Every structure is written in C-alpha cells, then in structure tokens.
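Contents: one structure, followed by commentary.
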Amino acid sequence: MSKPRLISFKVCPFVQRSVILLKEKEVDYDIEFIDVYDPPEWFKKLSPTGKVPVMEVEGTVLFESAVISEYIDEVYPPSLHPLNPLDKAKNRAWIEFTSPLYMGTFNLMMAKTQEEVDAAIEDMNNKLATLEVEKKNQPWFNGEDFSLVDIAMAPYFVRAQFYKKHFNLDLLKDFPRMQQWSEALLARQTVADSVVEGFDKMLLVRMQSNESFLKPDA
Ligand SMILES: N[C@@H](CCC(=O)N[C@@H](CS)C(=O)NCC(=O)O)C(=O)O
C-alpha cells in the first residue's frame, strides 16, 4: 500500500485529529502544509470543499476529517471504534457533537469585544456541560478503551491549554470530568507529537494581527 498524503494547515484542529490517529496507528504518511487563507492552485483543484484535511490515497482524494478517520481506522487495525454497531454509532454521534466546539475556539480567538468573547464561551460551556454528563468517570470516553471520540476531543484540549497559559482563561473550570479527560489526553505522546512547532506563537500572531479582544498576559 502506498503512503497516504495528508494536506494540512498547521493550526487546524480537524487535521490534528487525522495526525493523532495516523500516529496512534503508526502509519507511515507524508504531510504537506498549505495556507488555507491563500491556498495554492493545485490545492484548489484537489479539494472539492477548499478545506483541510484532505488525504490522498493511491490517487483517490478523501476529505472531511470524520471520513478520513473512518478510512484510517478501517484500513489500519486494530479499530479504535467499539465493535458493537450500536456503540459504534453512538461514538460517531458524539464525534459529530464535538466538532462545533472548534468554531467556539475560533470565535474566541477572533472576538473583538467582551460580548463576543462571552458569547463564544457560553456556546462552548453549553456543549461542555452536555459532554460532562455523558463522559464516564474513567480515563477515556468509552471507559478503559481509547477511541476515536477521545481523538476528536484532543485538539480542543490543546486549545483550552493555550487559552489557560496565555490568557489565564480556564475554559474547563466548571467541568471536572473535562479536566480529567484533558489531562489524560495532553499526557498522551501522540497528542503531544501532533502539535506543530511554534503552534502557540502562530495563534498569538494571528490574534495580534486581528486586533482580537483577548490580550496575552505579559
Ligand atoms: N468539517 C470539516 C471542517 C474542516 C475545516 O473547517 N477546515 C478549515 C481549517 S481548520 C479550513 O480548511 N478552512 C478553509 C475554508 O473554510 O475555506 C472537517 O471535519 O474536515
């Protein structure tokens, strides 16, 4: 089987999910970085949605991070989904549930007023409160078994850590199970290795050039 080729944008949480999964499965892959805000012509031709991640496998172009994850999970065993179809479907549903949280972190980053900051936080809090009820009081979403749901949330906790470190803003403060989940995920090697060098700096520069409301602690 030829190496998959992943097209990435360095700070994209959806690509980060693919990277964590490829690392978990120890897949040999190539990665190519683009700027999604100024994409090269070849990417415009390759990607039907104009979004990353895109993964090219033997000339076939895959897009949408959830679809890419399902493909990787199926082709490189053992599966990180539960075996039971109902549990598997439930896991897929919760993966979907986590995705809009990334719009929350983006909105927070780009917010220009206190009101916009508050709205982004409130939106994320509503979703985190629902997850807090669903999450078992065990290491991973499904208990002892690490799964694709855990991978889907990992980039969120990386971003929550960024806001805590630079803005003294604790997005998880009201959610003890989310804190425990975050600690477990951030301690996992594949998650640590999925964060590109200079990640914090890239986000901080973006916020500065956007004249975002949130200002980093000195
Ligand atoms: N639903 C998509 C979302 C991917 C997405 O929003 N990617 C962003 C970067 S993080 C992007 O490529 N944005 C460029 C655009 O919207 O034109 C997935 O899960 O793959």
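For ligands, and for the atoms within them, numbers begin at 1 and follow the listed sequence. Only a predicted model underlies this, so the values are computations on that prediction, with no experimental measurement involved.
In this structure, the protein non-hydrogen atom closest to atom 3 (C) of ligand 1 is Phe14 CD1, 3.8 Å. Looking at atom 19 (O) of ligand 1, its nearest protein heavy atom turns out to be Ser65 OG, 2.6 Å. Distance from atom 17 (O) of ligand 1 to its nearest protein heavy atom, with residue and atom name: Gly50 O, 3.8 Å. Here the heavy atom of the protein found nearest to atom 16 (O) of ligand 1 is Lys51 NZ, 3.4 Å. Counting protein heavy atoms only, atom 10 (S) of ligand 1 is closest to Cys12 SG, 2.5 Å.
The side-chain tip of Arg17 does not point at the ring of Tyr102 from less than 6.0 angstrom away and within 45° of straight on.
Annotation: side chain of Tyr29 is not in contact with side chain of Ile72 (no heavy-atom distance under 4.5 Å).
In terms of polar-atom proximity, defined here as any N/O pair under 3.5 Å, Val52 does make such a contact with ligand 1. Residue Arg17 has no N or O atom closer than 3.5 Å to an N or O atom of ligand 1.
Other residues, nucleotides and ligands place more than 12 heavy atoms under 6.0 Å from the CD atom of Gln114. Atom CD of Glu58 is surrounded by more than 12 heavy atoms from other residues, nucleotides or ligands within 6.0 Å.
Lys112 contributes a side-chain N or O that, together with a main-chain N or O of Asn210, makes up a donor-acceptor pair within less than 3.5 Å.
Here is the list of ligand 1 atoms found below 4.0 Å of a heavy atom in Pro53: 20 (O).
Distances from atom 1 (N) of ligand 1 to the heavy atoms of Gln16, Lys10, Glu64 show the closest one on Glu64.
No option in Tyr37, Phe33, Phe14 other than Tyr37 meets the ring pair (Phe, Tyr, Trp, His ring centres under 6.0 Å) test with Phe9.
Ion pairing between a basic and an acidic side chain is recognised when a charged N comes within 4.0 Å of a carboxylate O; Lys88 and Glu70 show no such pairing.
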